[in-house]
A.B. asks: 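The following block contains the structure, expressed as structure tokens.
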2 protein chains.
Amino acid sequence: MKSAPRAQDVADLAQVSQSAVSRTFTPGASVSEEMRSKVLAAAQRLGYRPNALARSLITRQSRIVALVMSYLENQFYPLVIEKLSQKLQKEGYHVLMFIADIDEGADGVLADILQYQVDGIVLASTMLSPTLAKSCSDLGVPVVQFNRISDLAGLTRYATSSVTSDNAVGGRLAAELFVARGYERIAFLAGLEDSSTSLERERGFTEALADLGSDLAYRDTGHYSFQCAQDAVRRLFDRADRPDALFVANDHMAIAAMDVLRLELGLQVPDEVGIIGFDDVPQAAWGAYQLTTVSQRVQPMVDATVALLLEQMCGEVHAREIVVPCTLIERKTVRAAT
Amino acid sequence: MKSAPRAQDVADLAQVSQSAVSRTFTPGASVSEEMRSKVLAAAQRLGYRPNALARSLITRQSRIVALVMSYLENQFYPLVIEKLSQKLQKEGYHVLMFIADIDEGADGVLADILQYQVDGIVLASTMLSPTLAKSCSDLGVPVVQFNRISDLAGLTRYATSSVTSDNAVGGRLAAELFVARGYERIAFLAGLEDSSTSLERERGFTEALADLGSDLAYRDTGHYSFQCAQDAVRRLFDRADRPDALFVANDHMAIAAMDVLRLELGLQVPDEVGIIGFDDVPQAAWGAYQLTTVSQRVQPMVDATVALLLEQMCGEVHAREIVVPCTLIERKTVRAAT
DNA sequence: CTGAAAGCGCTAACAA
DNA sequence: TTGTTAGCGCTTTCAG
């Protein structure tokens, strides 16, 4: 293995200056057609590819975007990785993955990210979003929070852009469906108590319930984990006046819940218990679950994220919060209209 | 936003030379404790982080590893992303994602990858592995094929390392279980006809069947897709003498198959049809499926991949093929011993 | 152990 | 349009 050819090597072979080579590989630079083809031919022969790192050093843009995530077990996130990578690839950017480790604090991840001189950061991890988001904004690196917002209270809201579904409306849709179909003892299974996504879904849900003259009978937390969700469901249903409807903060936990309800407690879904999830992950459509759920459209969310990122990279410092509409997908876990 | 501090800024503040700063941030360089703390203090104050890109330019290593994937819908792959990222992060490397697009050929992806001067490549995408693997080896970039090998025939096998499960043994285990439990009309649902993984699993399966005096009654292909797998199952079972056992090349398709068999064709699993999958993705353990499957242990596979990568980066040119053992996980889709 | 100096491969003024 | 020149921020000889 000999080392990769440099621009100078191509220049030598083509008998032109090294800058000519640079220009040929810089979109929009002024090169004559003749020069261009001469350089291209030489480059071809040597198998020359510009060194993106050297280029980044001077242009001050790496064309790398950091993606910070933590729970890939929830299928929603892999889909985000896939769509986001594809979209960014089309725009000439690439995704550098950062898995947020529990023990490694926000600082560690941040230091790592910044060393790579990334052009932007997509935060799709609950745990370290708040701190990280602030630090990055301070440093002037474009950040978009994906599927979460910094601070619900709005008191210390940093100028961080975000892309979310209309979680409150999604919660509302769920509430309306339950009430319309005659469910009465309604429960909610939260994700994390400090997750904006879960909180907003719950807020929309309970508000709509109140509007309709019903109310939330019980609630518990599943920590976005399959196991914890199942434990929570056992607690929720271990009472005489057990719930007859359960709205779950996401599909991943909703599926966990269904296993407990149907297989462990022997309850009939949707007759004895109605269930609504959130996300519409592929598994929600699987035959054995047929989960009625609120759909989060990944593609529009990703598109918005990339748009926001590009906008901020161009120097638009105005942080924006984009809310993508979501719709109810009715399958088989809520009983039909009477 | 003012631009990030450079080593020179730190040097100025600490009243030392710029090289001193460099040395402080270079593990194993000789700096006195006094100098070190002086520099560190200044760096701290300015929020200095070494520019990894500039460093890469001279050290000729980017500490970036490219990961090429395509079908994230199969939950096995997200798990790989997660574990691999974590492991590499611990070793001081990071993962740059490349989603292999169908229309974009191998050349496009390769060009992209090489521009970033990655220190290594993990290929976990079926589609463009063969060509890519060769090109990279030629260029002297360490490559590890994950969960696939280049060329079964061995004729044109390039010196490419790989990490796979012992797919043939896995197939054998499946065959033995089916025969032991009295299944007789045995079918196989392949992934892709040219996928080494699928081929090896099938080979082990059919060979074991033959050894046991049984044989493969039917086979079809599901292209690793949920939809295609379901179509294939409909074809396989649309005959008078329908199979009573189905070995599927992976869990993703096995679950698709179960939906058709139980819900569409109304067959009893495991009594009327036995099913065995491959991978042991989290969903295989879900209550509604309880899929008996051959387990691929992600962690050992990832560990081996990283080891191989590091070894090759150190100049070991010797390509190795690591085979990780796999075990049968018995759940509820194969009937119990009589 | 420390500082000065020479680049890594490339882009971007600036002249011609 | 082209070539020349000066760095981007860092590591790494080489003297001292």
Side-chain angles (χ1 to χ4, degrees), chain A residues 2-40 42-43 46-64 92 111 114-119 139 141, chain B residues 2-40 42-43 46-64 92 111 114-119 139 141:
Chain A
K2 58 179 193 302
S3 68
R6 298 155 308 136
Q8 188 60 61
D9 300 331
V10 179
D12 291 348
L13 181 62
Q15 312 215 52
V16 298
S17 78
Q18 190 260 22
S19 355
V21 178
S22 171
R23 282 194 266 265
T24 337
F25 285 92
T26 304
S30 51
V31 210
S32 70
E33 202 41 64
E34 186 192 345
M35 170 111 281
R36 170 178 212 76
S37 52
K38 213 161 46 170
V39 170
L40 247 29
L46 298 174
Y48 169 75
R49 298 280 159 208
N51 181 328
L53 268 35
R55 167 182 286 167
S56 301
L57 196 56
I58 181 141
T59 59
R60 286 149 176 296
Q61 47 168 347
S62 57
R63 307 203 74 87
I64 293 178
L114 293 177
Q115 290 204 355
Y116 282 103
Q117 314 296 114
V118 297
D119 291 343
L139 290 164
V141 183
Chain B
K2 60 180 193 301
S3 68
R6 296 154 308 136
Q8 187 61 60
D9 300 330
V10 178
D12 292 349
L13 181 62
Q15 312 215 52
V16 296
S17 77
Q18 189 260 24
S19 343
V21 178
S22 170
R23 281 194 267 264
T24 326
F25 286 91
T26 305
S30 50
V31 210
S32 68
E33 202 42 63
E34 187 193 344
M35 169 113 282
R36 173 178 209 74
S37 52
K38 215 163 41 170
V39 170
L40 247 28
L46 298 175
Y48 169 75
R49 298 280 158 207
N51 181 329
L53 268 35
R55 168 181 286 167
S56 301
L57 195 56
I58 181 137
T59 60
R60 285 149 178 296
Q61 47 169 347
S62 57
R63 307 202 73 87
I64 292 177
L114 293 177
Q115 291 205 355
Y116 283 101
Q117 313 297 114
V118 297
D119 291 344
L139 291 163
V141 182

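Proteins get letters first, then strands, A, B, ... in listed order; numbering begins at 1 in each.
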A.B. asks: Between the axis at one end of the helix from C/dC1-D/dG16 to C/dA16-D/dT1 and the axis at the other (five pairs apiece), what's the angle to 10 degrees?
C.D. replies: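 Answer for the end axes of this duplex: 30°.
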
A.B. asks: Give a yes or no answer on whether the side chain of A/R63 reaches the backbone of A/G92 with a donor-acceptor pair at less than 3.5 Å.
C.D. replies: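 Here the side-chain-to-backbone pair exists.
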
A.B. asks: Specify the closest pair of heavy atoms between B/P5 and B/G47, including all atoms of both residues, with the distance to one decimal.
C.D. replies: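 For B/P5 versus B/G47, the nearest heavy atoms are CG-O, 3.8 Å.
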
A.B. asks: Which part of the nucleic acid does B/V31 contact within heavy-atom distance under 4.0 Å: base, sugar-phosphate only, or nothing?
C.D. replies: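 Since only primed, P, OP1 and OP2 atoms lie under 4.0 Å of B/V31, the category is sugar-phosphate.
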
A.B. asks: Among residues 47-63 of chain A, which ones have heavy-atom contacts with DNA chain D below 4.0 Å?
C.D. replies: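 Within residues 47-63 of chain A, the residues near DNA chain D are A/L57, A/I58, A/R60.
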
A.B. asks: If you look at every heavy atom in B/L46 and B/L13, which pair is closest and at what distance?
C.D. replies: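 Answer, listing the atom of B/L46 first, then B/L13: CG-CD2, 3.9 Å.
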
A.B. asks: Could you walk me through whether A/Y48 and A/L40 pass the side chain to side chain contact (heavy atoms under 4.5 Å, CB included) check?
C.D. replies: CA-CA 9 Å; A/Y48 169 75; A/L40 247 29; over 6 Å; no

A.B. asks: For the pair A/L57 and B/N51, evaluate side chain to side chain contact (heavy atoms under 4.5 Å, CB included) and give the outcome as yes or no after the intermediate values.
C.D. replies: CA-CA 9 Å; A/L57 196 56; B/N51 181 329; 4.1 Å; yes

A.B. asks: Where along residues 6-14 of chain B does a heavy atom come under 4.0 Å from DNA chain D, residue by residue in number order?
C.D. replies: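 B/R6, B/A7, in order of number.
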
A.B. asks: So which one's nearest nucleotide on DNA chain C is more toward 5', A/R23 or A/P5?
C.D. replies: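 This one resolves to A/P5.
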
A.B. asks: Between atom NZ of A/K38 and atom OG1 of A/T24, what is the distance when rounded to the nearest 0.5 Å?
C.D. replies: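 A/K38 NZ to A/T24 OG1: 10.5 Å, rounded to 0.5 Å.
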
A.B. asks: Work out which heavy atom in B/R36 is nearest to a heavy atom in B/V31; give both atom names and the distance.
C.D. replies: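 Residues B/R36 and B/V31, closest heavy atoms: N-CG1, 4.2 Å.
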
A.B. asks: Quickly work out the B/E34 CD to C/dC1 P distance and round it to whole Å.
C.D. replies: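 So the two atoms are 12 Å apart, to the nearest Å.
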
A.B. asks: Identify the heavy atoms of A/A14 and A/A42 that sit nearest to each other, and give their distance.
C.D. replies: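 Answer, listing the atom of A/A14 first, then A/A42: CB-CB, 3.8 Å.
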
A.B. asks: In whole angstrom, what separates B/Y116's OH from C/dC10's P?
C.D. replies: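 Rounded to whole Å, this separation is 15 Å.
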
A.B. asks: Run the side chain to side chain contact (heavy atoms under 4.5 Å, CB included) test against A/S62 and tell me which residues pass, sequence neighbours left out.
C.D. replies: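 Per chain and number, A/S62 pairs via side chain to side chain contact (heavy atoms under 4.5 Å, CB included) with A/S56, A/I64, A/D119, B/L53.
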
A.B. asks: Please tell me which of A/T26 and B/A20 maps to the more 5' nucleotide of DNA chain C, matching each residue to the nucleotide holding its nearest heavy atom.
C.D. replies: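 Its nearest nucleotide lies further toward 5', so the answer is B/A20.
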
A.B. asks: For A/V118 and A/V141, work out which heavy atoms get closest and say how close.
C.D. replies: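 Taking A/V118 first and A/V141 second, the nearest heavy atoms are O-CG1, 4.0 Å.
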
A.B. asks: Determine whether more than 12 heavy atoms belonging to other residues, nucleotides or ligands lie under 6.0 Å from atom CZ of B/R49.
C.D. replies: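 No, CZ of B/R49 has 12 or fewer neighbouring heavy atoms, counting only those of other groups under 6.0 Å.
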
A.B. asks: Students often get this wrong, so: under 4.0 angstrom with heavy atoms, is A/S32 touching a base, only sugar-phosphate, or nothing?
C.D. replies: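 Sugar-phosphate contact only.
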
A.B. asks: Sub-3.5 Å donor-acceptor pair from the side chain of B/S37 to the main-chain atoms of B/E33, do we have one?
C.D. replies: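 Yes: the side chain of B/S37 pairs with the backbone of B/E33.
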
A.B. asks: OP1 or OP2 of C/dT2 versus the side-chain N and O atoms of B/S19: is any pair under 4.0 Å?
C.D. replies: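 Answer no for this pair, as no side-chain N or O of B/S19 is under 4.0 Å from OP1 or OP2.
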
A.B. asks: Sorted by first residue and then second, give each salt bridge (charged side-chain N to carboxylate O under 4.0 Å, His left out) pair with at least one member in residues 3-28 of chain A; sequence neighbours left out.
C.D. replies: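 Residue pairs passing salt bridge (charged side-chain N to carboxylate O under 4.0 Å, His left out), neighbours aside: A/R6-A/D9.
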
A.B. asks: Name the first nucleotide and the last nucleotide along DNA chain D (5' to 3') that come under 4.0 Å of a heavy atom in chain A.
C.D. replies: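 Contact boundaries, 5' end first: D/dT1 to D/dG9.
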
